[in-house]
Amino acid sequence: MTSPIRILMCAPDHYDVDYVINPWMEGNIHKSSRDRAVEQWQGLYQILKQHAVVDLVTPQKGVPDMVFTANAGLVLGENVVLSRFLHKERQGEEPFFKEWFEQNGYNVYELPKDLPFEGAGDALLDREGRWLWAGYGFRSELDSHPYLAKWLDIEVLSLRLIDDRFYHLDTCFCPLANGYLLYYPGAFDSYSNRLIEMRVASEKRIAIEEADAVNFACNTVNLEQLVVMNKASDGLKARLNAVGFQVIETPLTEFLKAGGAAKCLTLRVTEPVLADVHANVHVESRIISIQGHLLDSGLINRALDLIVDNGGSFQVLNFNLGEQRQSTSAAEVKVSAPSHEVMESIISYLIDLGAVDLPQDERDAKLEAVPKNGVAPDDFYVSTIYPTEVRINGEWIKVQNQRMDGAIAISHTSEGVVAKCKLLRDLETSESVVVDVLGIRTIRKTESREKRNAEEFSFMSAGVSSERRVELVVEQVAWELRKIRDAGGKVVVSAGPVVIHTGGGEHLSRLVREGYVQALLGGNAIAVHDMEQSILGTSLGVDMKRGVAVRGGHRHHLKVINTIRHHGSIKNAVEAGVIKNGIMYECVKNNVPFVLAGSIRDDGPLPDTEMDLIKAQVKYAEQIKGAEMILMLSSMLHSIGVGNMTPAGVKMVCVDINPAVVTKLSDRGSIESVGVVTDVGLFLSLLVQQLDKLTSPYVEKVG
Ligand SMILES: NC(=O)c1ccc[n+]([C@@H]2O[C@H](COP(=O)([O-])OP(=O)(O)OC[C@H]3O[C@@H](n4cnc5c(N)ncnc54)[C@H](O)[C@@H]3O)[C@@H](O)[C@H]2O)c1
């Protein structure tokens, strides 16, 4: 055969499953039959010999996987990038493959030590020669891709593998002649699937099902119109035939036990170079530093997991462990991402965690003008609850009005540059906005271990309390409430009408009366039902003392609304003696400000209900300013609204019967928020009982 295509193979003289380095090997140690393996390898070899020149490398003892020559290296033209195996079990193959390439006249490139790359197992040339697809996630490191681009002078498209059964790119991806692609989408993350779809037209993509994928249908040798594989379903064969490919199946089950099949057993060593194709690499790297109690707070784990989960890879360049109990640790981490877009999303997550750029990498924040009042530039940085600083003209400036889901607006005033978190609608064309993720850092507290342990709230650390722990949480909330009140601090309560229906109204009234609440936030309903109870003794028409529905009671709340409308405001109704007790009564009598934000559900509404939602949001935000603690009581709508405008550092307690609501609110990654899954009436009753009990221990503790 004098085909221009040459293939390198290695006879399975020493092949066996001797160790486990992928899920296929699990349970298969020494379970493969040598005779059957030889027979199957011969089957493939004979087929390929009819269509290509097959070179053989001498098998070596002690390196059983040398039979999988796809992992020898990656060839393009005269150049080869030699593999650097991740697992020490395979590293012994490297010198034998290197020798073969050198003897056959290739220029051999070797990657730095500790930078794994597993050859044509993880790097596959588009069969039109336009670019190189390169995998990462299990065996090869993303940081190897820029070397491939440089040495082979070709564009490299990085694909992230996420299913450990498909640990090499060639187990789930096979570029075919004429621009076709055979692949299993389930093996890739969504970014990679999008990249594949952008580069390969839908009529050229042959996406296979899992059943074919686990038979290694993608681990195929493609020689022009021929595809040689272990096995394919009838459906897949028909699809391949329909686009002009002839399928040859040859059983390779003995090699499947080690996680390989036809393609793994071969390396194409003649890959033509296209003159008009040149290097282009999309991989970006940045060095970040993270400081704090990295180990005991789990920050470093979270940072590294986050990099990988979001499609990047990392290398810890150095780690200085704090030696004393009080001292903090610092780490420098090189983050790599397959594109600028992925890097931006990783860095914005890291900024939230408190990771900052290294001094030598310090760059000013990128600013873009506000294109139109109320509109941010496309790539604007979305703010978080954490105190943030932005670097402008070489100086770090603290961002004012910190809140989540805003943009950071920069304006030049007589006092200098001012950075402020603003809602999109408030942006003005005279301002510019921080875009991208450069020159931004968040400041996270790095309290000592002792201080954190002593923190009253810390034991609840952002967890959802189970029923058993409710009493314990109530005790701590009571203690905090008393402390804040006595120090003249500020507690804000947001509450829904369930507080009244569950009999919690009298307890919340008492909290207001006794000075534990400095502002009340809610909607139309809590005020209506509270006053219904005060005027008519019912809540939603149910007699609150006897627990039975009152005839005609369903109209009660409308009558109450009408009465208040008649008086013009809740305050007027209280002063006229129409309302004699309850939450709203106590607010008026004790000068506790309240804001009622309207909603589409509202009846009436009450004259005090602010139906202009933008104004309502502004009024809520004004009341939240300076709060030390926010009690969020059984209103998903108002609690989430409040949560979004509250910066980190404010203690938040969310009480709701639905764990999903509680999780959503307490899962802000801040130690100051705690969720309590329980009946709100019960919670409030326990809370006032606890406050009653508190007097003596509180005095002792404070004294
Ligand atoms: N007649 C009216 O005008 C009227 C009536 C009802 C609601 N509204 C308005 O509709 C909006 C949304 O109302 P919302 O905040 O009540 O609804 P919501 O659905 O946002 O929140 C109610 C929350 O209460 C929780 N809950 C239910 N029973 C509970 C219990 N026993 N203990 C603890 N938590 C419990 C639920 O899980 C839910 O998360 C508000 O603005 C409100 O003012 C108006």
Side-chain angles (χ1 to χ4, degrees), residues 464-467 469-470 473-474 477 492-508 520-533 535-536 538-542 544 547 553-565 570 582-584 587 594-617 619-620 623 630-645 652-667 674-687:
V464 174
S465 308
S466 65
E467 282 299 334
R469 294 180 61 202
V470 169
V473 174
V474 166
V477 173
V492 175
V493 171
S494 74
V498 185
V499 167
I500 313 296
H501 310 325
T502 56
E506 59 174 302
H507 307 306
L508 184 52
L520 177 74
L521 307 177
N524 199 52
I526 178 147
V528 170
H529 293 293
D530 169 64
M531 293 185 294
E532 178 190 336
Q533 195 184 350
I535 299 174
L536 299 165
T538 57
S539 168
L540 260 185
V542 174
M544 291 302 286
H554 63 286
R555 298 200 194 96
H556 280 187
H557 76 283
L558 291 171
K559 290 187 174 170
V560 169
I561 293 171
N562 196 44
T563 304
I564 308 300
R565 290 182 69 83
I570 294 174
I583 302 167
M584 303 318 296
C587 284
F594 58 85
V595 181
L596 305 179
S599 84
I600 194 95
R601 289 177 61 173
D602 295 351
D603 293 313
L606 290 167
D608 305 72
T609 302
E610 179 57 74
M611 297 307 284
D612 179 335
L613 276 185
I614 292 184
K615 284 192 187 147
Q617 285 186 347
K619 289 183 181 175
Y620 261 43
Q623 293 305 332
I630 300 186
L631 280 184
M632 300 169 159
L633 306 175
S634 62
S635 171
M636 181 160 65
L637 182 73
H638 296 287
S639 301
I640 293 176
V642 167
N644 288 351
M645 40 181 99
M652 292 194 340
V653 180
C654 172
V655 183
D656 201 290
I657 202 98
N658 179 353
V661 174
V662 163
T663 307
K664 182 162 174 53
L665 277 153
S666 57
D667 192 17
V674 60
V676 192
V677 178
T678 193
D679 175 83
V680 69
L682 176 70
F683 175 86
L684 285 167
S685 115
L686 291 173
L687 186 61

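In listed order, ligands and their atoms are each counted from 1.
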Only heavy atoms of Ser599, strictly under 4.0 Å: list the atoms of ligand 1 that pass. 9 (C), 10 (O), 11 (C), 41 (O)
Does Val661 reach ligand 1 with a nitrogen or oxygen that is under 3.5 Å from one of the ligand's nitrogen or oxygen atoms? no
Give the contacting part of Asp656 toward ligand 1: side chain, backbone, both or neither, where contact means a heavy-atom distance below 4.0 Å. both
Kindly say whether Asp602 contributes a backbone atom to a donor-acceptor pair with the side chain of Asn524 at under 3.5 angstrom? no
Check: Gly541 main-chain N/O paired with Glu532 side-chain donor or acceptor under 3.5 Å: yes
Option set Leu637, Ile640, Val680, criterion heavy-atom distance to atom 32 (N) of ligand 1, minimum: Val680
Counting non-hydrogen protein atoms only, what is the nearest one to atom 13 (O) of ligand 1? Give residue, atom name and distance. Arg601 NH1, 3.7 Å
Ligand 1 atoms in contact with Ala525 (distance to a heavy atom under 4.0 Å): 4 (C), 5 (C), 6 (C), 7 (C), 8 (N), 42 (C), 43 (O), 44 (C)
Proximal ligand 1 atoms for Asp679, defined as those under 4.0 Å from one of its heavy atoms: 30 (C), 31 (N), 32 (N)
Is a side-chain N or O of Tyr620 found less than 3.5 angstrom from the main chain of Gly522, in a donor-acceptor match? yes
Non-hydrogen atoms of Thr678 versus ligand 1: any pair closer than 4.0 Å? yes
Do any nitrogen or oxygen atoms of Thr502 come within less than 3.5 Å of a nitrogen or oxygen of ligand 1? no
